[in-house]
Amino acid sequence: MKKIFTLFAAAATAISVSAEVKTVDVSITWPMAKAVETTDPDTGESKTSYSNDLTPVITAGYAEYMTVGEPVLGSEIAWGTPRNTNGMIEALVQPTEQVKAATEGHSLSFVVAPNAGYTFKATKLTLKANVIGTGGGNYDLKYTVSGNSNTLAENFHPNRNNEDNDYYSTLSYDLTGAASESALDVTFMIYNLANNKQMGFSDVVITGELTGDFPTTEPTEPSEPSTDALMSWDFTKWSEATVANLKAGSNWSDIEKADDTEPTEATKDNCFWQVSYAEGKNAEGYLTANDVVIEELKGLVYTNEKTNRSLAIAVNYPETSLGTYHGPAYLWLGSKEINYFVIPGVPAGATIKMGVESHKNTDARGVELSVNGETLKAPNGSAVELPTTYAEQEWLVPATAAATNDVQIYNTNGCHIYFITVTGDSSTSAISNVAVDENAPVEYYNLQGVRVENPANGLYIKRQGSSVSKVIIR
């Protein structure tokens, strides 16, 4: 039986910069399924359903150099109804009839091909898999490249979808072999599965090295906070003192899950989760580690009152099973639908800029900003779209708002923040929407929004009555 693969190649784009031969790390992710949120128009109640999500996602910047398609089923197996099994949103396959041995007709295949002039060396395959309501169901797994076939598993039985079996298997296979111009074909052959039972797959990821001519300009790095900013925070450079306090503090841990006993090799000293959202704040609401205010977060008021172990500080954590990220260091707003931080004292007319990306590169996730419950929009008046990969986004505090405002940062789902800047109208040296009350007391704030009683030499935000400006004190 001949399998037919439909591959989707990204349209070539002109590159006006010089190129050089180099090798880059890439990943191809098939989410397999996704959640779909809808609202009943009559009752207003929200409803969650699930649909297949088979379109591959390639590391940002390199999709145009590869040809990758949706997974392909053999002629005697079909897609079932996707579902959520204990947090694993999965696509299901179901045979038309049960067979006792591996056959091409009962297969699930993933194909990756470098474009002409490029080579690809696959290094790893990861996925989650299970069987639904049965003790049967096995697969043989092989991959083929340059005419050579290699066996990765034989007669493997994924976990059954119940508590006794941890609901699903989390799997990782090493791929070996030289870089090749040929297509890579990874195929599961499924058997011992009744025609009314299913095998589930989720988050299938192939990683490897792509070699060829690439533009010498690297993917855009997160912007440095503007020197003209009224306030700024940079989460791409955590100081040695902060890291030391994260390690020593009892409310931060490089162990992600509460029931785990040790950090993983990737997270050890590289990513720190806040153990309890109710602990580790000073009187002003600033987060602390080892009883010391975290300098990089100083000025942001922490408002999470929902979930423990959801906020994390990534010091050197460039990738997880859900994606390869724009940089290794960021502030990770985990879980979803949490009011995480307030930026206090933001003047009317100010623009807030952030570097944001989704923690799961196949999902649109990010933050929404609001003042007194009103969602802020982009400076052009449009809604700010949720990103999948890294994006630098802007929100405008309306000129009609109060002289100073508390801006709430809310996350829709797990996402990363690389920096925050608050800037005023570039055409003026101060932000003001009414005349200065000369009899009002003067207050000074540093560029992180922290009030300063006796400002020394430097740049400060000055508030007097309903007027706010940026001043230099010498």
Using the six-membered ring wherever Trp is involved, compare the ring planes of [X] and [Y] and label them parallel, tilted or perpendicular (cut-offs 30° and 60°).
X: F110; Y: W30; value: perpendicular
X: F214; Y: Y65; value: perpendicular
X: Y317; Y: W273; value: perpendicular

Do side-chain atoms of [X] reach the backbone of [Y] as a donor and acceptor pair under 3.5 angstrom?
X: N411; Y: N413; answer: yes
X: D234; Y: T236; answer: yes
X: T264; Y: T267; answer: yes
X: T48; Y: E37; answer: no
X: N115; Y: E64; answer: yes
X: D25; Y: E209; answer: no
X: S169; Y: L171; answer: no
X: N308; Y: Y277; answer: yes
X: N282; Y: E284; answer: yes
X: T320; Y: L322; answer: yes

May I ask you to test the [X]-[Y] pair for a side-chain heavy-atom distance under 4.5 Å?
X: L287; Y: V293; answer: no
X: T55; Y: V57; answer: no
X: N304; Y: N339; answer: no
X: I409; Y: I420; answer: yes
X: I132; Y: M199; answer: no
X: L376; Y: S370; answer: no
X: L184; Y: V111; answer: no
X: L92; Y: T81; answer: no

I need the minimum non-hydrogen distance between [X] and [Y], along with the two atoms involved.
X: L300; Y: Y286; answer: O-CD2, 3.4 Å
X: F188; Y: L125; answer: CZ-CD2, 4.4 Å
X: L396; Y: P379; answer: CB-CA, 4.0 Å
X: M32; Y: F201; answer: CB-O, 3.4 Å
X: N251; Y: E279; answer: ND2-O, 3.2 Å
X: Y173; Y: L141; answer: CE1-CD2, 3.6 Å

inquiry  = Strictly below 4.0 Å, N to O, side chains only: are K360 and D203 in salt-bridge contact?
reply    =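 Yes, this pair counts.
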Side-chain ion pair, E392 and K353, N-O less than 4.0 Å =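 Salt bridge: yes.
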Do [X] and [Y] get their side chains close enough for a donor-acceptor pair, meaning under 3.5 Å?
X: T307; Y: R309; result: no
X: S27; Y: T59; result: yes
X: E296; Y: T242; result: yes

task = Apply side-chain contact (heavy atoms from CB on, under 4.5 Å) to the pair F235 and Y418, showing each step before the final yes or no.
result = CA-CA 5 Å; F235 308 129; Y418 287 85; 5.8 Å; no
inquiry  = Under the criterion side chain to side chain donor-acceptor pair (under 3.5 Å), I'd like the reasoning laid out for T412 against E337: C-alpha separation, chi angles, the key distance, then a yes or no.
reply    = CA-CA 5 Å; T412 65; E337 298 177 350; over 6 Å; no
Could you grab the distance from atom [atom1] of [X] to atom [atom2] of [Y], nearest 0.5 Å is fine?
X: C271; Y: D269; atom1: SG; atom2: CG; answer: 11.5 Å
X: E374; Y: K377; atom1: CD; atom2: NZ; answer: 9.5 Å
X: L127; Y: I206; atom1: CG; atom2: CD1; answer: 10.0 Å
X: Q274; Y: L311; atom1: CD; atom2: CG; answer: 5.5 Å
X: Y390; Y: E357; atom1: OH; atom2: CD; answer: 8.5 Å
X: T176; Y: K121; atom1: OG1; atom2: NZ; answer: 9.0 Å

Other residues, nucleotides and ligands only: do more than 12 of their heavy atoms fall within 6.0 Å of [atom1] on [X]?
X: K281; atom1: NZ; value: yes
X: N454; atom1: CG; value: no
X: D291; atom1: CG; value: no
X: N372; atom1: CG; value: no

key: Pairs involving residues 362-373, ordered by first then second residue, that meet salt bridge (Lys or Arg N to Asp or Glu O under 4.0 Å) (sequence neighbours left out)   =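 Qualifying pairs, neighbours excluded: D363-R365.
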task = In sequence, state the C-alpha distance, the side-chain angles, and the governing distance for Y143 and L175, and then conclude on side-chain contact (heavy atoms from CB on, under 4.5 Å).
result = CA-CA 8 Å; Y143 71 99; L175 307 180; 3.8 Å; yes
query = Among N159, N165, D164, which residue meets the side chain to side chain donor-acceptor pair (under 3.5 Å) test with N162?
reply =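 Filter result, single survivor: N165.
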key: Stepwise side-chain contact (heavy atoms from CB on, under 4.5 Å) check, M354 with Q393   = CA-CA 5 Å; M354 295 188 189; Q393 302 184 304; 5.6 Å; no
key: V397 vs I352, side-chain contact (heavy atoms from CB on, under 4.5 Å): CA-CA, chis, key distance, verdict   = CA-CA 8 Å; V397 179; I352 300 170; 4.2 Å; yes
request  = Please identify each residue that fulfils salt bridge (charged side-chain N to carboxylate O under 4.0 Å, His left out) with K268, with sequence neighbours left out.
outcome  =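 Testing K268 for salt bridge (charged side-chain N to carboxylate O under 4.0 Å, His left out), a comparison that skips the adjacent residues, returns none.
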Pairs touching residues 339-385 that satisfy ring-ring contact (aromatic ring centres under 6.0 Å, His included), sequence neighbours left out =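 Every pair satisfying ring-ring contact (aromatic ring centres under 6.0 Å, His included) with a residue in residues 339-385: Y302-F341, Y325-H359, W332-H359, H359-H416.
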